[in-house]
Number of protein chains: 4
Amino acid sequence: MNKIPVAILGATGAVGQKFILLLSNHPQFVIHELVASEKNEGKRYQDAVHWIQSTDIPPQICNIIIKSTDDSLHSPLLFSGLSSNIAGPIETKYAQSGHIIMSNAQDHRMDDTVPLIIPEINHEHFELIHTQPYRGKIITNSNCVTMLLSLVLAPLHTKFGIDHIAVTTMQAVSGAGYPGVPSFDIMGNILPYIPMEEEKIESEPQKILGTLKGKKISPAPINISAQCYRTAVRDGHTFSLAIKFKNKPKQNELENTLTTFIGYPQIHSLYSAPSHPVHVSHTQSRPQPLLDASKDRGMVVTVGRIRSCTIFDYKMTVVGHNTIRGAAGASILNAECYLDLGYPLS
Amino acid sequence: MNKIPVAILGATGAVGQKFILLLSNHPQFVIHELVASEKNEGKRYQDAVHWIQSTDIPPQICNIIIKSTDDSLHSPLLFSGLSSNIAGPIETKYAQSGHIIMSNAQDHRMDDTVPLIIPEINHEHFELIHTQPYRGKIITNSNCVTMLLSLVLAPLHTKFGIDHIAVTTMQAVSGAGYPGVPSFDIMGNILPYIPMEEEKIESEPQKILGTLKGKKISPAPINISAQCYRTAVRDGHTFSLAIKFKNKPKQNELENTLTTFIGYPQIHSLYSAPSHPVHVSHTQSRPQPLLDASKDRGMVVTVGRIRSCTIFDYKMTVVGHNTIRGAAGASILNAECYLDLGYPLS
Amino acid sequence: MNKIPVAILGATGAVGQKFILLLSNHPQFVIHELVASEKNEGKRYQDAVHWIQSTDIPPQICNIIIKSTDDSLHSPLLFSGLSSNIAGPIETKYAQSGHIIMSNAQDHRMDDTVPLIIPEINHEHFELIHTQPYRGKIITNSNCVTMLLSLVLAPLHTKFGIDHIAVTTMQAVSGAGYPGVPSFDIMGNILPYIPMEEEKIESEPQKILGTLKGKKISPAPINISAQCYRTAVRDGHTFSLAIKFKNKPKQNELENTLTTFIGYPQIHSLYSAPSHPVHVSHTQSRPQPLLDASKDRGMVVTVGRIRSCTIFDYKMTVVGHNTIRGAAGASILNAECYLDLGYPLS
Amino acid sequence: MNKIPVAILGATGAVGQKFILLLSNHPQFVIHELVASEKNEGKRYQDAVHWIQSTDIPPQICNIIIKSTDDSLHSPLLFSGLSSNIAGPIETKYAQSGHIIMSNAQDHRMDDTVPLIIPEINHEHFELIHTQPYRGKIITNSNCVTMLLSLVLAPLHTKFGIDHIAVTTMQAVSGAGYPGVPSFDIMGNILPYIPMEEEKIESEPQKILGTLKGKKISPAPINISAQCYRTAVRDGHTFSLAIKFKNKPKQNELENTLTTFIGYPQIHSLYSAPSHPVHVSHTQSRPQPLLDASKDRGMVVTVGRIRSCTIFDYKMTVVGHNTIRGAAGASILNAECYLDLGYPLS
């Protein structure tokens, strides 16, 4: 099978670099074009990028000449790691030109016509693209916290109904991009504020867990309260989560529901899919971001310390990889699912 | 005025060292005896201790010869930084011998006859000592999280009634003593479990905020759910706190109540008392443990990011110094209050 | 005595903030004007600054209205925490206008007419100012590593003659200013390169230890080889130092020479002077930046682990505070010395 | 081919865990027995170990019942991750019983009859085993710093002759085992002393680079001065190295010599051998432990920032993985080489 040529928007950024690593050996896609800001246009990738990954730039990528966002592109499929605010109009432009865009940026996530997809949960929301006015299409994945959180909430909500949850996040610095958080601020410290983060977490999961009715998503009526902190962790977000159910399950029911949860990517054996998206740990001091975030190629969420709560029904700890499952890996899984479902590239 | 000679139990440990620093220039107390484990008996303090403070051992302390917990002591007043489990019988023995003990250890905290004191909140609980069978007396301060949390809860509970709270803690490594948490476990990581910590936080505040009825404490009926994490911070605990009131205040009422809160130590100008025990910050990304834990000699708690919550009434961030206000400084303030109230030393 | 009004250039930066802290209670100086980049002109200091110190902005500073570097200033004495490259022309302009400038910036350090001063070592180099063409004068202090290193080298060079030294530095992130080093680069890591740092360390000490002959400095003939690393330390530089002498001293001679070293600031009891600029530690695992950098208000250098070397004569560890003794504190001590020597302010 | 059954001594420790990870998919060896201290005897491995690796315990290992060092073993080949001082007599006992021991412990390294092997450098030293009095044999690998350093020195010494070197090490906490360095000591700090480390680095490389003459090693006459520091890095040691040659090469000769260096493991394609043991980086701010220590399965050393030195001939930065190439991986490569050379297992 011929691989599909793809372009990466925001290729020199932190998410862009993860796209390159995850796509460089992908069986369906081949990186054909790299797009970055104007100042890097015309440079070889290896000369333009400040590479911050612990494996080297894949050799076939080093000498690709960077294009600017003003250029037209040949690849039918684009992965967008563009920054918020910048992403919006650029993605719109490329969609108008006929490209299919898998975007990690927040700008279009909450648009009525744009699917916000986690393939295990709501692949039927892809249908929203038919309401888009563009020749091409824009498909988004959620904020990293929303992503990891929704994978835990979805099977529980389906089975037991969730009324409300409270979540305190302890987030890794890689979530802030590069250069991101100054070392002087975060080393040996905790920052109690991440701009616009709590707002996203309190609104995106309802869209993801919502129901497609006609051409609209009816959001799931779950009440979410989030408190977000930045911590001195490199990769991997950790959540302190408490859940109040409509129908409280027994603990073993809850655990079984998480452990056995699978969706479209598992049933159809998509390349980037983990065998099970949620892992339950029974070890007392797990999960930990350093030890658990990269499990199963960084595509699973680990839940541990599940126990009764005197206020909610259950409380627990959740850990997942914020820049793989929570960002670049999510976009790629979306693309795999989109194609497997038979949606067209042009 | 002659200073009162005091002994420090557990003088070489992390809390013991803080006692030494805080007492070495104290206007009422003079360190007269240092007590440590048997292996250090007979050594000069400076030869026995692995000193981990950023200021030097006070010169007058260096050559004090360490006593063992088998020895009898001459000082009427003892400060105990002994470890849990070890502390219990040793403190009982010294109380039987007639000493007044201000203890930071957990062993006797929940005993019916032992006061668990935060002088701003419940100095009248000192009266419990009359129910103790010893010639001397045991007075305790709470767990570090309980201490910092209770200072925030107390004025609010008095004025508006608190129904229930949820708290997620992000705790500094100094709370684990020395050598404490291995660097290999915590650097760049978060640990989701601290043995016995959640149990203490869910039960001690009710005793502190409780009412003395006759010779018993009637605990405050507040429902507390705690989730405790260890983070790569040196000093200063951070809490993500959400409160549901019986009578929901307006936000400015809540803030004013915290800001204007004072108690016995402020009214009577005790030496270790901060001018106000709770500070409210309006800066967006504060409080932070690195910048705020040492405010006002480490004796205040800073509350920030107070905002509405969709599930509870308000959510907020709390930061305080775990080994000063939360441990050694608490015991010392208890001693100052005890004497100021006119309780005897023998 | 009336305090001298001073201005701080680069007042919102990392060094500028240290100037504010160190000058806010100074017996000779009063902060009168704050100067920052154009974008902050006209703002109140507290609204413009991203304050990163662990003590609050001194209250009398909060509402000072920031001036721009285009403005003329009323204060006779300026402290410059400006960034390299920016500093040069601005300092020249103010010197031409008649101001006396104590600069921490590198731009003028190696100018033939500009004194590069450490008052304990070469206060007679102030005489160079008579060769300056300006109505005012520019006086500089050295790079932070040079500063801390020279305090160790100076007394040894005077007494025994130093032929050559090798130094490997492990430098704190605060030396890179703010925002400085990205956390993603340095947490749990070591960076083997600091732009332009080795060049400064290999050339500035020779000027400082040099001899004023007529109107020129004849540099000290010491051969220096430096290797510079950035480490995940907040404040305090650590050096691994090896020295080859012209006349090798015995170890106790070497230690005594360091311990007893004093200079003009000590003899004349300048306000910011430590009682002894160099402290020798005999504790096995000291000095450490976390425990020793802030000793004596951050104005001393601590030397430890002095021992024989099979290649050089002696090797040792050196720790000092890079933004106090190595930057803001150095400029202030220079100003105190300048005035004490009777040099004029206009 | 049937795999050779092997035992791991010290199987629950930090090095023991690395042995398990590296051997669990090895084509020549199969883990047959796990040996730990008496308190763990009889327990299943997964119940006894405090597992600190970021991948899970291999499933076939979980239920192996731990033996004690008093037990006799069935495996002909033992890998020893025992702690210093404990290792000596235990290894001797098993050698007397006929086992071949590949040891990472220091106790026998400098014994006259014990080979201290790096297969790329001195595989002919295996011949020393014929001088051992045991039925079995003891073969050792060096200290982690010595290992990484020697791989850089060996090709240069062979070609140009090295007269003396100075090295300052910045070592990862994993080198101290587990629990190892307390977090309170090392977070945001640097420790200037590692017990017995400098002594090993100053003496082991001479044995490794030495010449086998008859039945004795004549050590290489290289003068080494080491200064060792512990830093807040998880894995990967970093060295600041300066070399004085007997015959100074040009820089490109030096680099070519490092880049083209291969030895027995490369020529004979041993399983754990990297294609080249030394990698030269020309990127300005590399190597870094976080990005470069795990290159090529952690079995290579990366050298960067090679440049002239005003005192030595060249200075440079070296990074390598201390617990893989510097410990467990080294022992395994030794075993592969031993067998490939045709030495017997009994």
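All chains are named by letter (A, B, ...) in the order of the sequence lines, taking the proteins before the strands, and each is independently numbered beginning at 1.
A:N223 CG to B:I311 CD1: the interatomic distance, rounded to the nearest 0.5 Å, is 4.5 Å. How far OG1 of B:T168 is from NZ of A:K315: 8.5 Å, rounded to the nearest 0.5 Å.
Minimum heavy-atom separation, A:S225 to B:T310: CB-OG1, 3.7 Å.
Close approach to chain A, defined as a heavy atom under 4.5 Å from one of its heavy atoms, is seen in B:R305, B:R307 of residues 293-308 of chain B, taken by number. For a heavy-atom cut-off of 4.5 Å, chain B lies close to no residue in residues 144-158 of chain A. Listed by sequence position, the residues of residues 244-256 of chain A in contact with chain B number zero, using a 4.5 angstrom heavy-atom cutoff. Within residues 189-211 of chain B, the residues having any heavy atom closer than 4.5 Å to a heavy atom of chain A are B:N189, B:I190, B:L191, B:P192, B:Y193, B:E198, B:E202, listed by residue number.
Using a 4.5 Å cut-off between heavy atoms, A:L241 contacts chain B through its backbone alone, with no side-chain atom that close. For B:A172, no part sits under 4.5 Å from any heavy atom of chain A, backbone or side chain. Heavy-atom distances place the side chain of B:T231, and not its backbone, under 4.5 Å from chain A. Heavy atoms closer than 4.5 Å to chain B are found in the side chain of A:T238, but not in its backbone.
Per-residue counts of heavy-atom pairs under 4.5 Å with chain B were compared for A:Q284, A:H164, A:R234; the largest is that of A:Q284. No other option in A:Q288, A:Q227, A:R230 has as many heavy-atom pairs under 4.5 Å with chain B as A:Q227.
Side-chain N/O atoms of B:T317 and A:Y229 include a donor and acceptor closer than 3.5 Å.
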